[in-house]
Amino acid sequence: MSKYETTLLQTVDMRGTVSVQELSRLLGVSDQTIRRVSRPLVDRGALQKVHGALVSTKSAADLPYLARMNLNREAKVAIAEEVVKIIQDGDSIAIDTGSTSGFVAQALRSRRELTVVTNSAYVASTLAMIPGNNVSMAGTQLRDHDGASFDRSAFEVIDRMQVDYVLLSASLVDARKGFLVHEQCEVDIASAMLANAGRAIMAVDHSKFEPQMRKPALRQPTLKPGDYLVTDRTPPADFAGLFADLEIRVPAH
C-alpha cells in the first residue's frame with residue numbers, strides 16, 4: 001500500500017467512521033485525493049463507503065491495541081481534538097503508549113513542525129512522515145501486543161529530550177490515590193518524560209473514573225499545578241480535591 005493508503009486506513013480503523021471532509025483535514029490533502037486513495041481500499045473490502053464518509057470493516061477483536069482503541073472511541077476522539085487545541089505548530093511533545101495517545105497522534109497530523117519523542121511505534125509511525133516533523137522513536141525492542149518499548153535505550157532517548165509538553169494516560173483515576181496504571185514500566189516512562197517537560201497533559205476518558213474489575217495498583221507521577229487534565233466529561237464531584245491545581249479541559253458538546 002502507498003503511504004496515503006496506510007495512513008487513511010489507520011485513521012478510519014481508529015475512528016470507525018470518518019467523513020471525507022474530516023479525512024481531508026487530518027491528512028492535509030484534497031477531498032478528491034481522499035476519494036482516489038480510498039477507492040482501491042473499498043474495492044478490496046478494507047473499508048466501506050457510505051454517503052460522504054468511510055467506515056472501518058475491522059473487528060475490535062482483531063488486535064489488542066486496536067481493541068483498546070475501540071473502547072469509548074468517541075470519547076477518545078473528542079479528547080484528542082481538545083488536546084490539539086493546546087499543542088500548536090512548532091511545539092515539542094513526549095507521548096506515551098496509551099490508546100488515547102493513538103487518537104491524539106492522529107489528530108496531531110493537522111499540526112506542522114512538531115518535535116515528538118515517543119516509545120510507541122504506532123505514534124511514531126503516525127507522525128513521522130508529516131513534512132517538517134522531527135520524530136524520535138525511544139527504544140528498539142517492541143512489545144508484540146502494542147508496539148511499545150520500555151528498554152534501556154528508550155529511557156536514554158527520553159532523557160536527552162527537553163519538550164514543551166508530555167502527554168500521559170492512566171488506566172484508572174482514584175479519588176484518593178490519583179492516576180493509576182497496571183505496570184511499573186509505565187510509571188517509569190511517565191516519570192522520565194515528565195522530568196523533561198514544561199507542562200503535562202493527562203488524557204483520560206470518563207470510564208477511567210468508574211469502578212473496574214481489575215484495579216491497577218501503581219501510581220503515575222504527581223502532576224504539577226497548572227498541568228492539564230483533558231477528559232470528555234466533567235469529573236464527578238468527589239474528585240474535585242484531586243484536580244484542584246490542574247487546568248481541566250472538557251470538549252464542548
Side-chain angles (χ1 to χ4, degrees), residues 64-65 67-87 93-105 118-120 123 143 145-146 148 150 154-155 158-159 163-253:
Y65 190 65
R68 285 166 52 206
M69 285 183 162
N70 273 278
L71 293 172
N72 301 306
R73 178 159 51 188
E74 291 184 4
K76 293 173 182 178
V77 169
I79 289 169
E81 292 173 349
E82 190 67 25
V83 170
V84 173
K85 295 177 183 178
I86 300 171
I87 308 300
I93 181 171
I95 303 177
D96 76 359
T97 62
S99 58
T100 303
S101 300
F103 285 94
V104 172
T118 181
N119 64 321
S120 166
V123 171
R143 297 195 302 198
H145 67 276
D146 63 355
F150 296 93
F155 287 89
I158 290 168
D159 188 56
V163 295
D164 300 314
Y165 299 96
V166 56
L167 178 73
L168 300 176
S169 55
S171 300
L172 178 71
V173 188
D174 184 275
R176 292 185 300 106
K177 298 177 181 178
F179 302 99
L180 305 178
V181 293
H182 290 283
E183 298 186 61
Q184 183 63 47
C185 59
E186 297 176 90
V187 178
D188 294 340
I189 281 285
S191 298
M193 289 180 169
L194 193 60
N196 291 341
R199 297 182 76 176
I201 304 170
M202 178 62 73
V204 289
D205 67 73
H206 67 273
S207 70
K208 302 302 191 298
F209 296 92
E210 300 168 355
Q212 297 180 12
M213 292 283 292
R214 181 172 171 250
K215 187 174 181 178
L218 299 170
R219 294 185 185 182
Q220 286 282 55
T222 303
L223 301 183
K224 306 183 302 296
D227 285 342
Y228 292 98
L229 168 66
V230 182
T231 185
D232 61 304
R233 297 181 189 173
T234 301
D238 52 335
F239 288 83
L242 181 64
F243 308 138
D245 296 325
L246 303 181
E247 182 173 333
I248 301 176
R249 301 283 290 263
V250 180
H253 295 288

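Here the structure is a predicted model, which means the values were calculated and not measured.
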Could you tell me the separation between the CG atom of Leu218 and the NZ atom of Lys177, rounded to the nearest 0.5 Å? 10.5 Å
Test side-chain contact (heavy atoms from CB on, under 4.5 Å) applied to Asp227 and Met202, step by step: CA-CA 8 Å; Asp227 285 342; Met202 178 62 73; over 6 Å; no
So, Asp232 side chain and Ile79 main chain: donor-acceptor pair closer than 3.5 Å or not? no
Side chain to side chain, Val187 and Val181, heavy atoms closer than 4.5 Å: yes
Would you say the side chain of Pro235 lies within less than 4.5 Å of the side chain of Leu242, judging by non-hydrogen atoms? no
Do the side chain of Thr100 and the main chain of Val204 share a donor and acceptor less than 3.5 angstrom apart? no
Of the non-hydrogen atoms in Gly98 and Ser169, which two are nearest, and what is the gap between them? CA-OG, 3.5 Å
Taking the side chain as everything from C-beta on, heavy atoms only, tell me whether Leu229 gets closer than 4.5 Å to Phe239. no
Any chance CD of Glu247 has more than 12 other-residue heavy atoms, nucleotides or ligands included, within less than 6.0 Å? yes
Would a 4.5 Å heavy-atom cut-off, applied to side chains only, mark Val163 and Ile93 as touching? no
Check against side-chain contact (heavy atoms from CB on, under 4.5 Å), Val104 and Ile201: CA-CA 11 Å; Val104 172; Ile201 304 170; over 6 Å; no
Measuring from Phe155:CZ to Cys185:SG, what's the distance to the nearest 0.5 Å? 7.5 Å
Taking Asp96 for the side chain and Ser101 for the main chain, is one N or O donor matched with an acceptor at less than 3.5 Å? no
Find the distance between CG (Asp188) and CD (Glu183) and round it off to the nearest 0.5 Å. 11.0 Å
Heavy atoms only: give me the nearest Ala197-Lys224 pair and the separation to one decimal. O-NZ, 4.2 Å
Heavy-atom side-chain proximity of Ser99 to Lys76 below 4.5 angstrom: yes
Is a salt bridge present between Asp174 and Arg219, judged by a nitrogen-to-oxygen distance below 4.0 Å? no
Parallel, tilted or perpendicular, judged at 30° and 60°: which one describes the rings of Tyr228 and Tyr165? tilted
Can you tell me how far the CG atom of Leu194 sits from the OG1 atom of Thr222, to the nearest 0.5 Å? 9.0 Å
Smallest heavy-atom separation, Ala170 atom then Lys208 atom, equals O-CE, 3.3 Å
What distance separates Thr234 OG1 from Phe243 CZ, expressed to the nearest 0.5 Å? 11.0 Å
Given the rule in the side-chain contact (heavy atoms from CB on, under 4.5 Å) test, do Val123 and Thr97 qualify, once you have shown the distances and angles that lead to the verdict? CA-CA 8 Å; Val123 171; Thr97 62; over 6 Å; no
State, yes or no, whether a side-chain contact exists between Gln220 and Leu180 at a heavy-atom distance under 4.5 Å. no
Side chain Glu82, main chain Thr231, donor-acceptor under 3.5 Å: no
For residues Ile189 and Phe150, determine if any side-chain heavy atom of one lies less than 4.5 Å from a side-chain heavy atom of the other. yes
Applying salt bridge (charged side-chain N to carboxylate O under 4.0 Å, His left out), can you list everything that pairs with Asp164, at least two apart in sequence or on another chain? none
Return the CG to CZ distance between Leu246 and Arg199, rounded to the nearest 0.5 Å. 10.0 Å
Nearest heavy-atom pair of Pro216 and Ser171: which atoms, and what distance? CG-CB, 4.0 Å
Between Leu172 and Glu210 the two heavy atoms that sit nearest each other are CD1-O, 3.3 Å
Taking side chain as C-beta onward, heavy atoms only, is Ile86 less than 4.5 Å from Val230? yes
